[in-house]
Amino acid sequence: MLLLWTKFAQKLSDQGKKLMATYMQMNDPKLKGTVIELELPNESTKEEFLSGANELLGYLRGKLHNHDITIEVIVNEVTENRYAFTPQEKYDKLKSINPNLDLLKKMFDLDL
C-alpha cells in the first residue's frame, strides 16, 4: 500500500498537483485493516486533502483489488512540521542535525 501511495504522490507531483502530493508525503499513512490513516497538521490541510482524495481512493482500490478501503484523516496539531525558509532557519535546522556544521562555519569563516 505504501509503495502505491508513494507512486501516486509522485504522479500528482509530475502533473503539477504539488499541494496534494505534499499532503500525501507529510507523514507515512498507517494501514489498519481496510482503513488508511493519515495524520495531518491542521483542519484546513485535512479539508484540502479530502477534497482531492477521491482520485487517490479510486487508484488504491483498483491497484490493491480491495473496494473496502477507506481513508481517515487525523488532525494532530502537535506533529506540525516547521519548515525552514530563510537562510538562518535552514542553517539552524542543519545545525540541529549535525552540530559540527558550526565548527566548519567558524573554521572557514563562512557567512549565511
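Side-chain atoms of N100 never come within 3.5 Å of backbone atoms of L103 as a donor-acceptor pair (strictly under, hydrogens ignored). Checked by atom type and distance alone, the side chain of T6 pairs as donor or acceptor with a backbone atom of L2 at under 3.5 Å. Between the side chain of W5 and the backbone N or O of M24, at least one donor-acceptor pair lies under 3.5 Å. Listed for the Q10 side chain is no donor-acceptor partner under 3.5 Å among the backbone atoms of K7.
Going from atom CE of M20 over to atom OG of S13 covers 13.0 Å, rounded to the nearest 0.5 Å. Note: L50 CG to Y23 OH = 11.0 Å, rounded to the nearest 0.5 Å. Here the straight-line distance linking atom CG of L104 with atom CG of L110 works out to 8.0 Å at 0.5 Å rounding. Remark: H65 NE2 to L60 CG distance equals 12.0 Å, nearest 0.5 Å. Rounding to the nearest 0.5 angstrom, the gap separating the CG atom in L38 from the CD1 atom in I74 is 8.5 Å.
Nearest heavy atom pair, residue M1 against residue I36, reads SD-CD1, 3.9 Å. Taking every heavy atom of both residues into account, K46 and L40 meet most closely at CA-CD1, 3.9 Å. Closest approach of L12 and A21 over heavy atoms only: CB-CB, 4.2 Å. Nearest heavy atoms, H67 versus R61: O-NE, 3.6 Å.
By the criterion of side-chain heavy atoms lying less than 4.5 angstrom apart, applied directly or through intervening Ile, Leu, Val, Met, Phe, Trp or Tyr residues, V35 is not grouped with V75; the two fall into different hydrophobic clusters. By the rule that hydrophobic residues join a cluster once side-chain heavy atoms approach within less than 4.5 Å of another member, L57 and L19 end up as members of one cluster.
Using a 4.0 Å cut-off between charged side-chain N and carboxylate O, E55 and K17 make a salt bridge. The pair E37-K32 meets the salt-bridge criterion, since a charged nitrogen lies less than 4.0 angstrom from a carboxylate oxygen.
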**Request:** Take E39 and N76, measure what side-chain hydrogen bond (donor to acceptor under 3.5 Å, both in side chains) needs, and give me the verdict at the end.
**Result:** CA-CA 6 Å; E39 271 189 24; N76 186 353; 3.3 Å; yes
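Other residues, nucleotides and ligands place more than 12 heavy atoms under 6.0 Å from the NZ atom of K105.
Proximity of D102 to Y91: side-chain heavy atoms (C-beta onward) are separated by under 4.5 Å at one or more points.
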